[in-house]
Amino acid sequence: MTEEVDPQKYKLLKKRLKQVIQENEKITSMLADSKTSTSSLEQRLKVLEKEMKLLKQENTVLVDRLADTQKYQEIDELEEQEESVQSVEEKKKRIKKYLEIPVVNGQLQLPVTLGVITLENLGQVVFDRSSFHSERYIYPVGFRTSRDFLSYMDPTKTVRYTCEIVDGGDAPRFKVTAQDDLEHPSISTTATGAWSPIFKQAHQIRNKEHNYSASGPDYFGFTQPTVLRYVQDLPNADKCSNYKRQEVI
C-alpha cells in the first residue's frame, strides 16, 4: 500500500525549489558580471546546486506518489489561481521603467549602456513574416547588443559577447559571438538556443554542474525596459499581428 503524501509538503517543496533556482541564476549572473573576488559566490553556488539536485529528486518521488490521486494537479491549479490574483496587485510594481535615449537630428544616440547590457543597434522590423515576432517579443533584423559573461575559452576570464539578429529567410537567426572566439559564433533559431551552449561550455571548463538553461531573451536584452520600449516603437512594429504591446513608463 502506497503511503499517503501530504499535499502541503509537495507545495512547500515546489516553492523552495523555485527559490533555489532563482538564487542560482542570480548568483550565476553576478559571477558573470563581477570584476572582483568571487570565491564566496562560487561556494554558495555549489551549495545551491547540491540542494537543487536533492529537491528535484524528492519532487520526482512525490509526484509519482501523488499521481494516482491527482492531488498534485489540484495543487498546481490552486497555485496558478493564487498567482493570478497576486499578479493583479503586483502588476503596478512590475511596470517596466525605461531610460530616455537622447535624439540628435532625428537619430537615437547609440550605443547606450543599460545596466549590464549595451544597446548598439535596434535593427529593422520584419512585419510580413510571422516568425520574426511572437506575443512577447519582436525580433528586428540588425538588432545588436553586447554584454560581459564568463569566457568558455579561458576559465580565468570574463569577456565581451555580441548578440545579433540576422535574417535567416524563413525565420530570424540569433547569433552570439565571444570576443575571444570571433571565428566561431553560436547561431540558433532561438535566443536561448544561441546562449545555452555558451553557458554549458563556460561552466564545464570551470568544473561546475550546469543543470538549467540560459534565458536567451534576458541575455539578448529583449526584456530590458528601454530596449523593449524602443523596439516596439520602431516603424512597422504596430503591424506585427501577434505581438501584444507591453506597458513601459
Side-chain angles (χ1 to χ4, degrees), residues 18 21-22 25 29 76-77 79-101 103 107-108 110-112 114-147 161-177 185-199 212-249:
K18 183 177 181 180
I21 291 174
Q22 289 176 339
E25 292 177 344
S29 180
D76 288 343
E77 291 173 0
E79 287 180 340
E80 289 177 2
Q81 293 173 5
E82 291 175 348
E83 290 175 358
S84 177
V85 172
Q86 292 172 357
S87 67
V88 174
E89 295 299 323
E90 294 175 356
K91 184 176 180 181
K92 294 179 181 179
K93 299 178 183 178
R94 296 200 304 267
I95 292 177
K96 300 178 175 66
K97 297 182 179 180
Y98 73 93
L99 173 71
E100 194 77 41
I101 300 177
V103 177
Q107 297 293 320
L108 288 176
L110 299 176
V112 61
L114 307 166
V116 299
I117 297 289
T118 297
L119 175 61
E120 299 180 2
N121 198 322
L122 285 168
Q124 296 181 326
V125 173
V126 179
F127 66 90
D128 55 353
R129 283 176 276 173
S130 61
S131 58
F132 282 77
H133 70 275
S134 66
E135 285 189 0
R136 297 183 64 188
Y137 306 115
I138 296 174
Y139 308 121
V141 171
F143 175 90
R144 186 173 68 252
T145 58
S146 60
R147 61 166 298 144
Y161 287 81
T162 299
C163 307
E164 302 172 86
I165 298 177
V166 298
D167 193 339
D170 60 331
R173 296 295 185 269
F174 299 86
K175 179 180 177 182
V176 181
T177 307
S186 177
I187 302 175
S188 177
T189 55
T190 67
T192 297
W195 266 105
S196 290
I198 293 172
F199 256 63
Y212 58 92
S213 298
S215 172
D218 285 346
Y219 274 75
F220 261 75
F222 300 145
T223 59
Q224 210 287 334
T226 302
V227 174
L228 174 63
R229 189 266 189 182
Y230 282 97
V231 165
Q232 66 183 13
D233 282 349
L234 284 172
N236 295 319
D238 59 335
K239 297 178 183 178
C240 295
S241 58
N242 296 322
Y243 180 70
K244 294 183 179 179
R245 187 177 180 86
Q246 301 182 49
E247 184 177 6
V248 289
I249 58 175

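Each residue takes its place number in the sequence, starting with 1.
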Shortest non-hydrogen pair, Asp218 vs Ile117, comes out as O-CD1, 4.2 Å

CA sep, side-chain torsions, deciding dist, call: Ser130, Asn242, side-chain contact (heavy atoms from CB on, under 4.5 Å) = CA-CA 8 Å; Ser130 61; Asn242 296 322; 4.3 Å; yes

Rounded to the nearest 0.5 Å, what separation is found between the CG atom of Asp167 and the CD atom of Gln124?
-> 10.5 Å

Taking Thr226 for its side chain and Leu99 for its backbone only, find out whether a donor-acceptor pair lies under 3.5 Å.
-> yes

Which atom of Phe132 lies closest to which atom of Val141, heavy atoms considered = CE2-CG2, 3.6 Å

Chi angles and distances behind the side-chain contact (heavy atoms from CB on, under 4.5 Å) call for Glu120, Leu110 | CA-CA 6 Å; Glu120 299 180 2; Leu110 299 176; over 6 Å; no

Step-by-step side-chain contact (heavy atoms from CB on, under 4.5 Å) determination, Leu228 to Thr223 | CA-CA 6 Å; Leu228 174 63; Thr223 59; over 6 Å; no

How far does OG1 of Thr192 sit from CZ of Phe174, to the nearest 0.5 angstrom?
-> 9.0 Å

Relative to each other, are the rings of Phe143 and Phe222 parallel, tilted or perpendicular (30° and 60° limits)?
-> tilted

Of all residues at least two apart in sequence or in a different chain, which pass the side-chain contact (heavy atoms from CB on, under 4.5 Å) check with Ser134?
-> Arg136, Tyr137, Tyr139

What's the shortest heavy-atom distance between Ala194 and Val176, and which atoms?
-> CB-CG2, 3.8 Å

Distance, nearest 0.5 Å, that separates CG of Asp233 from CG of Leu108 | 10.0 Å

Work out which heavy atom in Pro111 is nearest to a heavy atom in Thr118; give both atom names and the distance.
-> CB-CG2, 3.8 Å

Ser186 versus Ile198, closest heavy-atom pair with distance | CB-CD1, 4.1 Å

Could you pull out all residues at least two apart from Pro185 that satisfy side-chain contact (heavy atoms from CB on, under 4.5 Å)?
-> Lys175, Thr177, Ile187

Check whether any side-chain heavy atom of Tyr219 sits under 4.5 Å from a side-chain heavy atom of Tyr161, and report yes or no.
-> no

If only atom types and distance count, is the side chain of Arg129 paired as donor or acceptor with the main-chain N or O of Gly169 below 3.5 Å?
-> yes

So, the side chain of Gln232 versus the backbone of Gln246: is there a donor-acceptor pair under 3.5 Å, distance only?
-> yes

For Leu119 and Gln224, what are the C-alpha separation, side-chain angles and deciding distance, and is it a side-chain contact (heavy atoms from CB on, under 4.5 Å)?
-> CA-CA 10 Å; Leu119 175 61; Gln224 210 287 334; over 6 Å; no

Determine the minimum heavy-atom distance between Thr189 and Arg173, stating which atoms define it.
-> CG2-NH1, 4.0 Å

Partner set under side-chain contact (heavy atoms from CB on, under 4.5 Å) for Thr162, not counting sequence neighbours = Arg144, Ser146, Glu164

Spatial distance of atom OH (Tyr230) from atom CG (Leu122) [nearest 0.5 Å] | 9.0 Å

Here the gap from Arg229 atom CZ to Glu247 atom CD, rounded to the nearest 0.5 Å, amounts to 13.0 Å

